[in-house]
There are 2 protein chains.
Amino acid sequence: MSRLIKEALETVRDLQEVGVVSKQTLRDFEALAVPPPTYSAAAIRHLRENFHVSQAVFAAYLNASVSTVQKWENGEKKPSGAALRLLSVIERKGLEVLV
Amino acid sequence: MSRLIKEALETVRDLQEVGVVSKQTLRDFEALAVPPPTYSAAAIRHLRENFHVSQAVFAAYLNASVSTVQKWENGEKKPSGAALRLLSVIERKGLEVLV
DNA sequence: ATGATTATTGCACTTAGTGCTACAATACGT
DNA sequence: ACGTATTGTAGCACTAAGTGCAATAATCAT
């Protein structure tokens, strides 16, 4: 998370404590403060290789087609927003969380 | 997971123990045995409402656009495979895992 | 070597994802 | 109750993601 956003988030947290801002607003802000993950083609390939799985198996975990994974890794297509988020979850929590 | 697949998975596990099948193959099979998640438009809306967040906030968590979430909930568009997997993760682990 | 698994390339096609606008509904404070 | 702010709906147009298939190439173990 960028430093600026982090500080802003702190501010909103303080404002919420004092009652200037609702819990809803705080939660909204937290969600918006979550940085959009980005993965280069190479990064995706590395991520998969760290788990020692083939493209086919990786695709199965992701619930995507082999063709899609290949195009991600070869830079022909970029993962959608949700797919990027999923990749970040995998990176931090492992493939197991998908099961 | 369907009963048949579950049994087949057991068999492959046994085969692997005896050495007829490699660990790779077992892992491949496990991945393939993971059932593809499905969410109806209503199910997605319910999922979001369970977390008491607006479409905008939900979209931020998913790293998707508001427009996309709306179309999912109104049945105009269906989530991609990876998006479905992400929804299943959220359902089982909560929104927190995305941060 | 050779056979099996895994990855690449290219083509064609479908549909998800997004942005924007104007409008409706609902909730909220005063 | 009233006006206001938040939240969700509806329609449009467009871009690019996702998919399948088939043929070729690279990798790797035996």
Side-chain angles (χ1 to χ4, degrees), chain A residues 12 15-16 19-32 36-88, chain B residues 12 15-16 19-32 36-88:
Chain A
V12 177
L15 289 175
Q16 195 275 320
V20 179
V21 151
S22 73
K23 280 190 179 180
Q24 262 302 343
T25 303
L26 173 57
R27 189 162 42 203
D28 287 20
F29 201 88
E30 282 175 335
L32 291 160
T38 67
Y39 286 90
S40 69
I44 296 175
R45 170 165 269 128
H46 289 144
L47 179 58
R48 174 178 62 84
E49 288 175 343
N50 278 345
F51 290 104
H52 302 98
V53 294
S54 67
Q55 292 175 338
V57 173
F58 197 59
Y61 272 108
L62 291 165
N63 191 33
S65 73
V66 176
S67 181
T68 295
V69 170
Q70 287 174 344
K71 283 174 175 57
W72 289 352
E73 294 191 354
N74 294 328
E76 293 182 43
K77 299 282 172 67
K78 294 178 185 178
S80 70
L84 286 172
R85 183 69 79 204
L86 185 60
L87 289 175
S88 84
Chain B
V12 176
L15 289 176
Q16 196 274 319
V20 179
V21 151
S22 72
K23 281 190 178 178
Q24 262 302 344
T25 304
L26 173 56
R27 189 162 43 203
D28 287 20
F29 200 88
E30 282 175 335
L32 292 159
T38 68
Y39 286 89
S40 69
I44 296 176
R45 168 166 271 127
H46 288 145
L47 179 58
R48 174 178 63 84
E49 288 174 343
N50 278 346
F51 291 103
H52 302 98
V53 293
S54 68
Q55 293 176 336
V57 173
F58 197 59
Y61 272 107
L62 291 166
N63 191 33
S65 73
V66 176
S67 180
T68 294
V69 169
Q70 287 174 344
K71 284 173 176 57
W72 289 353
E73 293 191 356
N74 294 328
E76 294 181 44
K77 298 282 172 69
K78 295 178 184 176
S80 69
L84 286 171
R85 183 68 79 203
L86 185 60
L87 290 174
S88 86

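All chains are named by letter (A, B, ...) in the order of the sequence lines, taking the proteins before the strands, and each is independently numbered beginning at 1.
- For DNA chain C, no neighbouring residue in residues 38-50 of chain B is found when judged by any heavy atom under 4.0 Å.
- Per the geometry, CG belonging to Leu87(A) stands 14 Å off P belonging to dA17(D), to the nearest Å.
- The phosphate of dA16(C) (OP1 or OP2) has no side-chain N or O of Trp72(B) nearer than 4.0 angstrom.
- The structure places CZ of Arg85(A) at 8.0 Å from CG of Leu62(B), a figure rounded to the nearest 0.5 Å.
- Among residues two or more places apart in sequence or in another chain, the side chain to side chain contact (heavy atoms under 4.5 Å, CB included) test is passed with Ala43(A) by Tyr39(A), Ser40(A).
- Taking OG from Ser54(A) and CD from Glu49(A), the interatomic distance works out to 11.5 Å, rounded to the nearest 0.5 Å.
- For the atom pair CD1 (Ile44(A)) and CZ (Phe58(A)), the distance works out to 7.5 Å, reported to the nearest 0.5 Å.
- In this structure, Thr68(A) reaches the dT19(D) phosphate: one of its side-chain N or O atoms is under 4.0 Å from OP1 or OP2.
- Between Leu84(A) and Thr38(A) there is no side-chain heavy-atom pair separated by less than 4.5 Å.
- Contact check for Asn63(B) versus Pro37(A): side-chain heavy atoms found under the 4.5 Å cut-off.
- Remark: P of dA16(C) and CG of Leu86(B) are 17 Å apart, rounded to the nearest angstrom.
- Atom CD in Gln55(B) sits about 16 Å away from atom P in dA25(C), given to the nearest Å.
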Within the 4.0 Å limit for protein heavy atoms, which parts of nucleotides 21-30 of chain D are touched? Write it as a string from 5' to 3', B for base, S for sugar-phosphate only, - for none. ----------
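- For the segment residues 73-83 of chain B, residues with any heavy atom less than 4.0 angstrom from an atom of DNA chain C are, sorted by number, Lys77(B), Lys78(B), Pro79(B), Ser80(B).
- With sequence neighbours excluded, the residues satisfying salt bridge (charged side-chain N to carboxylate O under 4.0 Å, His left out) with Arg48(A) are Glu73(A).
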Side-chain donor-acceptor pairs under 3.5 Å in residues 74-82 of chain A, sequence neighbours left out?
residue  : atom : partner  : partner atom : Å
Asn74(A) : ND2  : Gln70(A) : O            : 3.2
Ser80(A) : OG   : Ala83(A) : N            : 3.3

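- Summarising the geometry, the separation between CG on Leu84(A) and P on dA16(D) is reported as 16 Å, rounded to the nearest angstrom.
- Rounding to the nearest 0.5 Å places OH of Tyr61(B) at 13.0 Å from CG of Leu86(B).
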